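Here the structure is a predicted model, which means the values were calculated and not measured.
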Amino acid sequence: MRFLKQALLVAALALVPLAGVGAAQAGNVKIGFIVKQPEEPWFQDEWKFADQAAAEKGFELVKIGAADGEKLMAAIDNLGAQGVQGFIVCTPDVKLGPGLVAKARANEMKMMTVDDRLVDAAGAPLASVPHMGISATRIGETVGHAIMAEIKRRGWNIAQAGAIRVSYDQLPTATDRVEGAISILKAGGFPQASIFDAPQAKTDTEAALNAATTVLNAHPGIKRWVAFGLNDEAALGAVRATESVGIPPENVIAVGIGGAESAINEFKKPKPTGFAGTVIISPRRHGYETALNMYEWIASGAAPEPLILTSGTLAARNDYQQVRKNLGIE
């Protein structure tokens with residue numbers, strides 16, 4: 001009996017340091033978060049929400065900006081040298097996929113991507129790397145539903161309206177967004193012949209204005225217009241174009257994507273413009289949830305879901321403040 005008690009005591013004492021080591025490992029978790037444009041508000045917000053996850057779970061967050069492939073590879077080595085066990089990355093070039101996987105493996109770090117999904121040498125998504133991204137098609141559909149609802153509210157005759165598809169087809173996400181919107185317009189009875197392509201040279205407001213102006217000048221008989229594109233800038237450029245040719249705001253319905261500062265400023269104007277709404281994409285999940293997922297992966301071995309797609313929330317002039325508050329970005 002005495003020997004049994006001694007054996008149990010030795011076993012109990014042996015478990016103490018193991019438990020201590022487990023707790024220390026969880027408490028010493030270090031996670032990297034690399035973004036391609038650290039000066040952009042979206043990425044600043046992602047970092048902010050990742051910081052919230054770090055504060056809640058007690059891990060250390062190392063934030064690095066990497067605007068090109070060379071800087072990204074150096075950033076991963078930097079994280080490895082700091083003892084980081086895993087990192088989240090929004091890559092400046094999705095074609096770096098195989099190289100990033102090899103670099104992460106060489107530094108013995110777990111990796112997941114956010115916003116932009118890595119592809120392999122053949123251009124196929126790297127399914128082996130967990131990813132949180134935005135469902136471009138679903139967001140475009142939200143834009144389409146918003147436009148159709150506003151057309152109905154205003155009592156427009158769809159047959160007499162035109163649609164400006166401000167396009168930037170070099171970017172697959174842009175194509176998916178506008179095609180998502182078009183699918184809803186068509187389903188609502190919008191004629192394909194009344195949807196006009198407006199290719200933009202860049203993704204800013206000026207390029208969208210120039211592209212939309214060309215469409216408007218080519219179809220002066222159409223007096224009511226809807227407009228949509230990749231982002232808020234595309235929709236705002238179309239609105240500026242309608243203003244430049246004398247179309248009143250009540251004859252324009254433009255819906256953007258992003259909830260950018262430019263969209264919010266448009267809502268703040270004393271009088272409503274043709275900018276009817278924006279689909280706000282919240283950076284909260286992309287920052288907070290990815291950081292939390294990485295923490296759980298490191299601390300407990302629970303790997304994230306392979307693919308998580310988020311969508312957006314429609315905001316208009318009368319409710320954008322509440323929408324932003326609900327999304328945690330006000």
Side-chain angles (χ1 to χ4, degrees), residues 40-46 115 133-154 163-168 171 173-185 198 200 202-209 211-212 225-243 249-250 252-286 309-330:
E40 290 291 324
W42 170 268
F43 296 112
Q44 290 288 329
D45 283 338
E46 280 189 339
D115 300 337
I134 299 167
S135 176
T137 299
R138 195 182 309 164
I139 286 172
E141 291 171 350
T142 301
V143 170
H145 283 300
I147 290 172
M148 291 305 300
E150 189 63 16
I151 286 175
K152 183 177 180 180
R153 189 188 71 81
R154 298 187 189 187
I164 301 175
R165 174 190 183 269
V166 181
S167 57
Y168 191 74
L171 190 63
T173 298
T175 302
D176 291 343
R177 289 181 180 183
V178 296
E179 291 306 314
I182 288 173
S183 70
I184 300 303
L185 294 184
Q200 55 184 147
K202 296 190 294 182
T203 60
D204 59 15
T205 302
E206 182 179 0
L209 185 157
W225 289 93
V226 303
F228 49 90
L230 165 67
N231 49 23
D232 288 322
E233 287 73 22
L236 287 168
V239 169
R240 299 288 90 86
T242 59
E243 292 169 347
E250 59 269 22
V252 179
I253 301 171
V255 176
I257 295 174
E261 185 178 352
S262 56
I264 303 306
N265 289 338
E266 194 76 3
F267 290 146
K268 291 179 180 178
K269 290 184 176 180
K271 294 182 179 180
T273 69
F275 189 75
T278 179
V279 179
I280 297 180
I281 306 169
S282 173
R284 187 179 194 281
R285 290 189 66 189
H286 292 236
L309 293 178
T310 64
S311 56
T313 304
L314 180 67
R317 182 183 176 92
N318 64 331
D319 66 359
Y320 75 91
Q321 290 175 309
Q322 186 60 49
V323 171
R324 284 169 59 85
K325 183 177 180 181
N326 292 345
L327 293 174
I329 54 178
E330 182 64 29

Scanning both residues in full, the closest heavy-atom pair of A198 with A212 reads CB-N, 4.1 Å
V143 and G256 have their tightest heavy-atom pair at CG2-O, 4.1 Å
From Q200 atom CD to E233 atom CD, the distance as rounded to the nearest 0.5 Å:
9.5 Å
Ring pair (Phe, Tyr, Trp, His ring centres under 6.0 Å) partners of F43, counting only residues at least two apart
none
Please evaluate residues R240 and E206 with respect to the criterion salt bridge (Lys or Arg N to Asp or Glu O under 4.0 Å), reporting the C-alpha separation (whole Å), side-chain torsions for both, the decisive distance (0.1 Å), and the verdict.
CA-CA 9 Å; R240 299 288 90 86; E206 182 179 0; over 6 Å; no
Kindly give the heavy-atom pair with the smallest separation between I280 and A315, and that separation in Å.
CD1-CB, 3.7 Å
Which atoms form the tightest heavy-atom contact between S183 and G180, and what is the distance?
OG-O, 2.6 Å
d(I253 CD1, M148 CE) to nearest 0.5 Å is 9.0 Å
What's the separation between atom CG in D232 and atom OG1 in T205, rounded to the nearest 0.5 Å?
8.5 Å
Do P41 and E261 make a side-chain contact, defined as non-hydrogen atoms from C-beta onward lying under 4.5 Å apart?
no
Contact check, side chains of T310 and R138, non-hydrogen atoms, under 4.5 Å:
no
Nearest non-hydrogen partners of I139 and G312, listed with the distance:
CG1-N, 3.8 Å
Atom CZ in R177, atom CG in L230: separation rounded to 0.5 Å?
5.0 Å
Under the side chain to side chain contact (heavy atoms under 4.5 Å, CB included) rule, what do Y320 and T278 come out as? Steps first, then yes or no, please.
CA-CA 9 Å; Y320 75 91; T278 179; over 6 Å; no
Checking side chain to side chain contact (heavy atoms under 4.5 Å, CB included) for the pair R165/E179: CA distance, chi angles, key distance, verdict?
CA-CA 9 Å; R165 174 190 183 269; E179 291 306 314; 3.3 Å; yes
Working note: V279 + T313, criterion side chain to side chain contact (heavy atoms under 4.5 Å, CB included); need CA distance, chi angles, decisive distance, verdict.
CA-CA 5 Å; V279 179; T313 304; 6.0 Å; no
Apply ring pair (Phe, Tyr, Trp, His ring centres under 6.0 Å) to Y168 and list each qualifying residue two or more places apart in sequence or on a separate chain.
none
Taking the side chain as every heavy atom from C-beta outward, state whether V255 and F228 have any pair of such atoms under 4.5 Å apart.
no
In this structure, CZ of R317 is separated from NZ of K268 (nearest 0.5 Å) by 12.0 Å
In the structure I gave you, are the side-chain heavy atoms of I264 and R324 within less than 4.5 Å of one another anywhere?
yes
Would the number of heavy atoms belonging to other residues, nucleotides or ligands and lying under 6.0 Å from NZ of K325 be above 12?
no
Tell me, with the steps shown, if R153 and E150 meet salt bridge (Lys or Arg N to Asp or Glu O under 4.0 Å).
CA-CA 5 Å; R153 189 188 71 81; E150 189 63 16; 2.6 Å; yes
Please verify the inter-ring angle class for H286 with W42; under 30° counts as parallel, over 60° as perpendicular, anything in between as tilted.
perpendicular
In terms of heavy-atom contacts, A254 and V239 come closest through CB-CG2, 3.5 Å
To the nearest 0.5 Å, tell me how far L309 CG sits from S135 OG.
5.5 Å
